[in-house]
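The chain is numbered in sequence order, starting from 1.
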Amino acid sequence: STLIMKTITSLLLGACLLLGACGTASLDDSVNALQASFDAGSYETVLQNAPGLLDRAGLEAGGEAKVWKIEKIRLLSLGKLGRGDEAAEEMGRLAVAHPGKVKAELYAQIGNFVMDAGNFTEAVTVLDAGAKQFPDKQAVFAPLITACTQRATEAGDSTALDALKSLGYL
């Protein structure tokens, strides 16, 4: 049933984005469809469709306000897929492009998603990048780094533990 829902959502998102390209779906409807795809767990679909939607938002009058929402949905999808290195790199780029939007809590949320996906090494990358970007927010990152250490230890993930050691967390 989850697979069926993801397939339906993917088809609906594709149709909405296609109609948007033809001018019949509003940018708001297309962004809402992207969010629905994320909510349904269709993270690859989000990553496939976000670039075209970002291009469209950049061209439409008033679309710039939607760019950050699209970027955030894309970042969260990277996290859910365990792609922490890519998410950390993108957050660095977006911190410059959208000052004040990339906050410590976003790094923490994505780091937690990457950890939940079982990619402890890349979770360390995200959490460390956030801790360095926001040195005054150690209370946000310390419990997550501790949880990552515990989960990597339980999983026997020596690569993640080596990363934690090399960064001074162990």
> Any carboxylate oxygen within less than 4.0 angstrom of a Lys/Arg side-chain nitrogen, looking at Glu71 and Lys101?
no
> Should Asp116 and Arg151 count as an ion pair when the cut-off is N to O under 4.0 Å?
yes
> What is the distance from atom CG of Leu75 to atom CD1 of Ile110, rounded to the nearest 0.5 Å?
4.5 Å
> Would Lys72 and Leu76 satisfy side-chain contact (heavy atoms from CB on, under 4.5 Å), going step by step from the backbone distance to the final call?
CA-CA 6 Å; Lys72 186 173 179 185; Leu76 295 172; 4.2 Å; yes
> Are any non-hydrogen side-chain atoms of Phe120 and Thr159 less than 4.5 angstrom apart?
no
> Just verifying a value: how many Å separate Ser77 OG and Glu86 CD, rounded to the nearest 0.5 Å?
11.0 Å
> Would you call the rings of Phe134 and Tyr107 parallel, tilted or perpendicular, taking 30° and 60° as the class edges?
perpendicular
> Passes side-chain contact (heavy atoms from CB on, under 4.5 Å), Val114 versus Thr125? Steps please.
CA-CA 10 Å; Val114 175; Thr125 301; over 6 Å; no
> Is it the case that Gln109 and Glu105 place a side-chain donor and acceptor less than 3.5 Å from each other?
no
> Would you say Ser26's side chain and Asp29's backbone share a donor-acceptor pair under 3.5 angstrom?
yes
> Less than 4.5 Å apart, any side-chain heavy atom of Val126 and any of Met91?
yes
> Name each donor-acceptor pair under 3.5 Å that joins a side chain in residues 136-149 to protein atoms two or more places apart or in another chain, with its distance.
residue : atom : partner : partner atom : Å
Gln138  : NE2  : Ala131  : O            : 3.2
Gln138  : NE2  : Pro135  : O            : 3.3
Thr146  : OG1  : Ala142  : O            : 3.0
Thr149  : OG1  : Ile145  : O            : 2.8

> Flag the pair Leu47 / Arg83 as yes when at least one side-chain heavy-atom distance between them is below 4.5 Å, and no otherwise.
yes
> Working to the nearest 0.5 angstrom, can you tell me the gap between Leu81 CG and Glu44 CD?
5.0 Å
> Donor-acceptor pair, Asp128 side chain versus Val124 backbone, under 3.5 Å?
no
> Given Trp68 and Val102, is the side-chain contact (heavy atoms from CB on, under 4.5 Å) satisfied, shown in steps?
CA-CA 10 Å; Trp68 171 248; Val102 179; 3.7 Å; yes
> Looking only at non-hydrogen atoms, find the nearest pair between Leu53 and Ser30 and report the distance.
CD1-CB, 3.5 Å
> To the nearest 0.5 Å, tell me how far Ile73 CD1 sits from Phe38 CZ.
8.0 Å
> Would you say Asn119's side chain and Gly82's backbone share a donor-acceptor pair under 3.5 angstrom?
yes
> Could you walk me through whether Arg74 and Leu34 pass side-chain contact (heavy atoms from CB on, under 4.5 Å), step by step?
CA-CA 9 Å; Arg74 195 173 66 78; Leu34 193 72; over 6 Å; no
> By the definition salt bridge (charged side-chain N to carboxylate O under 4.0 Å, His left out), identify the one residue from Lys69, Lys66, Arg56 that meets it with Asp28.
Lys66
> Between atom OG of Ser37 and atom CD of Gln48, what is the distance when rounded to the nearest 0.5 Å?
9.0 Å
> Quick one: closest heavy-atom pair of Ala117 and Gly79, and the distance?
CB-O, 4.4 Å
> Any chance you could measure Asp85, atom CG, to Thr121, atom OG1, to the nearest 0.5 Å?
8.5 Å
> Taking it one step at a time, do Glu154 and Gln150 satisfy side chain to side chain donor-acceptor pair (under 3.5 Å)?
CA-CA 6 Å; Glu154 290 168 2; Gln150 181 179 349; 3.1 Å; yes
> Identify the two heavy atoms, one from Ala123 and one from Gly111, that lie closest to each other, and give their separation to 0.1 Å.
CB-O, 3.7 Å
> Count the heavy atoms of every other residue, nucleotide or ligand shown that sit under 6.0 Å from CD of Glu89, and state whether that count exceeds 12.
no
